[in-house]
Amino acid sequence: MPATTSTIILDNGASTIKAGVLGVHNEQPQVITNAVVRAKGDNATYIGHEVAKCRDFTSLRYRLPFEKGLLVDWDAQKAIWDGLFSNEALAVNTAESSLLITEPYFNLPNVQDIYDQFVFEEYEFRSYFRCTPASLIPYGHLLAKPNLPAPECMLVIDSGFSFTHVVPILGGTVVWEAVKRMDVGGKLLTNHLKETVSYRQWNMMEETHIMNEVKETCCFVSEDFSKDLETCRCVSQTLNPIVQEYIFPDYSANRPGRIRTPGESLGESYQTLTMNNERFTVPEILFRLDQAGLSATVAASIALLPEDLQGMFWANIGLIGGNTAMPGFRNRLMSELRSLAPIDCEVAVYASDEPILEAYRSAVAFAARPEFPQSVVTREEYQEMGSSACRRKFRDWKPVEKEGARGREPAKGKGARGRAEEDDESPPPATKKSARGRGRGRGVAKRQS
C-alpha cells in the first residue's frame with residue numbers, strides 16, 4: 001500500500017456510524033445516524049450526517065439499512081455512505097484511500113460478497129479490511145494494564161442496537177464455537193419503553209427518537225431489583241428517590257428534553273413524563289430473559305472454552321456497545337458473575353468510559369500498526385480473484401470451502417489459513433447459491449439487489 005494512502009475507519013453500527021480518517025480523527029470520530037430519516041415537522045428527508053440539521057424530531061420516520069443485525073437495504077446504506085465520504089463530512093477520495101470497516105457477527109456469505117463489491121466497485125478503494133467489532137478490542141486499551149501486554153484470553157460483551165453478543169477471544173482470534181448471542185439490544189429496549197409509557201401515560205408509539213433519549217437519560221440497571229421495585233411503590237417522592245420527571249422537548253421553542261429538578265416550578269406549556277419503575281424494569285430485560293440472561297450466557301460461553309484457560313477469561317471481561325453505558329450495568333454484571341464463577345477464579349469486568357467509541361478507537365490502533373498493510377485485500381487482488389480473496393484473508397465464523405467443492409480449480413497455497421472451525425449454527429441454504437461463481441478471472445459477478 002502506498003505511503004500516501006489515507007486510511008478510513010468505519011465502525012458501521014446498525015444505529016450509528018463512527019467514522020474518521022486515521023491520523024485526523026483518532027480519538028473523536030464523526031458519529032452519525034445510520035438511517036434515512038423523514039421528518040414530519042418540515043416534511044424533509046435527512047440522510048445520515050444530515051440528521052444533525054433536523055430541528056424538529058417529532059414523529060420521525062426511519063428507514064434503517066440494518067434489519068435484525070444484517071445489512072439488507074443497500075440503497076439506503078449507499079446514500080448514507082455517499083454523504084459520509086462527501087465534502088460535507090469526511091471529504092475523502094475513496095479511490096486513493098484504504099478502508100477498515102466493521103461487519104455484523106455471523107454475517108452471511110452473500111451479504112459479505114456485497115460488502116466486497118461496494119468497496120471495490122462502487123467506491124474503488126485501494127484496499128480494505130473487514131472484521132467484527134469485538135475482534136478489534138485486543139488492539140485497544142480497554143483491557144490493557146500498565147507495562148503489560150494485552151491479555152491473551154479475553155471475553156468481550158458487545159451490547160448494541162440489534163443484539164447482545166458474548167465473544168471470547170484467544171490469542172487475538174475469536175473463538176467462534178463459544179460465541180453466544182442474545183436477541184436483546186437497544187432497539188428492543190427502546191420499543192419496550194415506548195410501549196410501556198404509551199400504555200401507562202402518553203401515547204408515544206410514533207416518538208422513537210424522543211423515547212430513545214428518555215431511555216438514555218433516565219434508565220439504569222438495578223443492583224437490587226426487588227428492593228428498588230418495593231421502593232417505587234411509595235407515593236411520596238421523599239421516600240421514593242427513584243422517581244423522576246422528564247420534561248418533553250419543545251422544538252418550536254428550541255427547548256431540549258431534560259430531567260426536572262426537584263421542586264422546580266413549570267409553566268403551562270411544559271409537558272412531563274413520570275419515570276418510576278420504568279427506569280430499571282426496561283434494562284432488566286438484559287438480565288432476566290425467558291432464555292438465559294446475560295450473566296448465564298457469559299458463564300455458558302466460558303464453559304465451552306478450554307478448561308485450563310477458563311480462569312483467564314473470567315478475569316478479563318470487557319464491555320462495549322451503547323447499552324453497557326447505562327449506570328449500574330457493570331456492578332450488576334459483576335455481582336452476578338461472581339456467584340456463577342468458580343470460587344478460585346478472579347472475576348474482573350472492565351468498562352469503557354465511552355463504550356460506543358471503544359471499537360472505533362481499537363480499530364485506529366490496529367490500522368496504525370505496521371502489520372496492517374499485510375492484512376488488507378488490495379484492489380488488484382479483488383480484480384484477480386473476486387470475493388475469494390476476501391474469504392481467504394479475513395478471519396470469519398465459517399470455514400473456507402475448498403475451491404474444488406464449488407466447481408473451481410483447486411486454489412494454490414494455504415487458502416484456509418486463519419479460518420475458525422465451523423460453528424454449530426449452519427448458514428441458510430441460500431448462502432451456497434450466493435457463493436457460487438464468485439471471483440472467476442478479472443470479471444466480477446453482478447451485485448445482488
Side-chain angles (χ1 to χ4, degrees), residues 15-16 33 56-60 62 159-161 164 184-289 293-294 319 321-333 335 351 354-356:
S15 175
T16 58
T33 301
D56 188 348
F57 292 91
T58 305
S59 301
L60 296 183
Y62 288 88
S159 187
F161 183 71
T164 296
V184 179
K187 181 180 181 180
L188 185 145
L189 298 182
T190 300
N191 287 341
H192 181 60
L193 177 61
K194 191 165 58 174
E195 292 171 4
T196 303
V197 168
S198 297
Y199 178 75
R200 295 178 178 178
Q201 299 180 63
W202 298 89
N203 182 6
M204 302 298 292
M205 292 305 294
E206 300 295 324
E207 306 297 345
T208 302
H209 178 84
I210 294 176
M211 292 313 299
N212 190 66
E213 286 192 338
V214 172
K215 180 192 72 175
E216 294 177 355
T217 304
C218 299
C219 287
F220 68 96
V221 176
S222 172
E223 296 180 41
D224 191 335
F225 185 78
S226 300
K227 180 182 176 182
D228 288 342
L229 205 57
E230 192 65 31
T231 301
C232 288
R233 291 177 180 170
C234 299
V235 178
S236 171
Q237 192 167 353
T238 307
L239 300 176
N240 182 5
I242 294 175
V243 68
Q244 287 182 341
E245 281 190 281
Y246 183 85
I247 303 173
F248 284 124
D250 185 347
Y251 296 113
S252 61
N254 199 24
R255 190 172 62 209
R258 61 181 176 87
I259 296 174
R260 182 180 183 179
T261 306
E264 179 185 1
S265 60
L266 299 176
E268 293 182 358
S269 63
Y270 288 81
Q271 292 180 317
T272 63
L273 169 68
T274 302
M275 292 288 289
N276 196 12
N277 61 25
E278 298 89 351
R279 294 187 62 199
F280 59 89
T281 55
V282 170
E284 188 71 14
I285 298 173
L286 278 165
F287 294 87
R288 292 174 182 242
L289 278 177
L294 180 57
L319 304 178
N323 298 326
T324 66
M326 289 188 189
F329 189 100
R330 177 190 174 277
N331 293 342
R332 169 69 176 275
L333 182 63
S335 64
E354 295 182 278
I356 294 176

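Since this is a predicted model, take the numbers as computed values, not measurements.
Shown here for Asp228 and Ser222, the closest heavy-atom pair between the two residues is OD2-OG, 2.6 Å. Nearest approach of Asn240 to Val243, heavy atoms of both residues: O-CG1, 3.3 Å. Nearest heavy atoms, Trp202 versus Thr272: NE1-O, 3.0 Å. The two residues Pro355 and Ala325 make their nearest non-hydrogen contact at CG-CB, 3.7 Å. Taking each heavy atom of Gly322 and Ile356 in turn, the nearest pair found is CA-CG1, 3.6 Å. Smallest separation of non-hydrogen atoms from Leu189 and Pro283: CD2-CA, 4.4 Å.
Atom CG of residue Asp250 and atom OH of residue Tyr270 lie 8.5 Å apart, to the nearest 0.5 angstrom. Expressed to the nearest 0.5 Å, how far CE of Met204 lies from CD of Gln201 amounts to 10.0 Å. Atom CG in Asn212 sits 12.0 Å away from atom NZ in Lys187 (nearest 0.5 Å). The CG atom of Leu60 lies 8.0 Å from the OG1 atom of Thr208; values are rounded to the nearest 0.5 Å. Considering OG1 of Thr231 and CG of Leu239, their distance stands at 9.5 Å, rounded to 0.5 Å. From Thr281, atom OG1 reaches atom NE2 of His192 across 6.0 Å, with rounding to the nearest 0.5 Å.
Under a 3.5 Å cut-off, the side chain of Glu207 and the backbone N or O of Ser59 do form a donor-acceptor pair. Remark: the backbone N or O of Gly321 is paired with a side-chain donor or acceptor of Thr324 at under 3.5 angstrom. Checked by atom type and distance alone, the side chain of Asn277 never pairs as donor or acceptor with a backbone atom of Leu229 at under 3.5 Å. Between the side chain of Glu213 and the backbone N or O of Met211, no donor-acceptor pair lies under 3.5 Å. Looking at Arg279, its side chain does come within 3.5 Å of a backbone N or O of Cys218 through a donor-acceptor pair.
The residues Glu264 and Arg260 are annotated as not salt-bridged, no charged nitrogen and carboxylate oxygen being separated by less than 4.0 angstrom. Between Glu230 and Lys227 there is no salt bridge, since none of the side-chain N atoms of the basic residue sits less than 4.0 Å from a carboxylate O of the acidic one. Between Glu284 and Arg332 there is a salt bridge, since at least one side-chain N of the basic residue sits less than 4.0 Å from a carboxylate O of the acidic one.
Here the side chains of Lys215 and Met326 are in contact, with some heavy-atom distance below 4.5 Å. Between Asp224 and Ser226, some side-chain heavy-atom pair lies under the 4.5 Å cut-off. Side-chain contact between Leu273 and Glu245: absent, with no pair of heavy atoms (C-beta onward) separated by less than 4.5 Å. Taking 4.5 Å as the limit, some side-chain heavy atom of Leu286 sits within range of a side-chain heavy atom of Phe329. At least one side-chain heavy atom of Phe220 sits less than 4.5 Å from a side-chain heavy atom of Ile242.
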>> Applying side chain to side chain contact (heavy atoms under 4.5 Å, CB included) to Thr217 and Ile259, what does each step give before you reach the verdict?
In response: CA-CA 8 Å; Thr217 304; Ile259 296 174; 3.6 Å; yes

> Where do Thr190 and Val214 land on the side chain to side chain contact (heavy atoms under 4.5 Å, CB included) test, with the steps shown first?
Replying inline: CA-CA 9 Å; Thr190 300; Val214 172; over 6 Å; no

> Going through the checks in order, is the side chain to side chain contact (heavy atoms under 4.5 Å, CB included) test met by Asn203 and Val197?
Replying inline: CA-CA 7 Å; Asn203 182 6; Val197 168; over 6 Å; no

> Can you check side chain to side chain contact (heavy atoms under 4.5 Å, CB included) on Met205 and Lys194, steps first, answer last?
Replying inline: CA-CA 6 Å; Met205 292 305 294; Lys194 191 165 58 174; 4.1 Å; yes

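Under a cutoff of 6.0 Å and an axis angle of 45°, Arg255 and Phe248 do not form a cation-pi pair.
Using bins of under 30°, 30° to 60° and over 60° for the plane-to-plane angle, the ring pair Phe280/Phe225 lands in the perpendicular bin.
Side chain to side chain, Glu195 and Asn191 fail the donor-acceptor criterion of an N or O pair below 3.5 Å.
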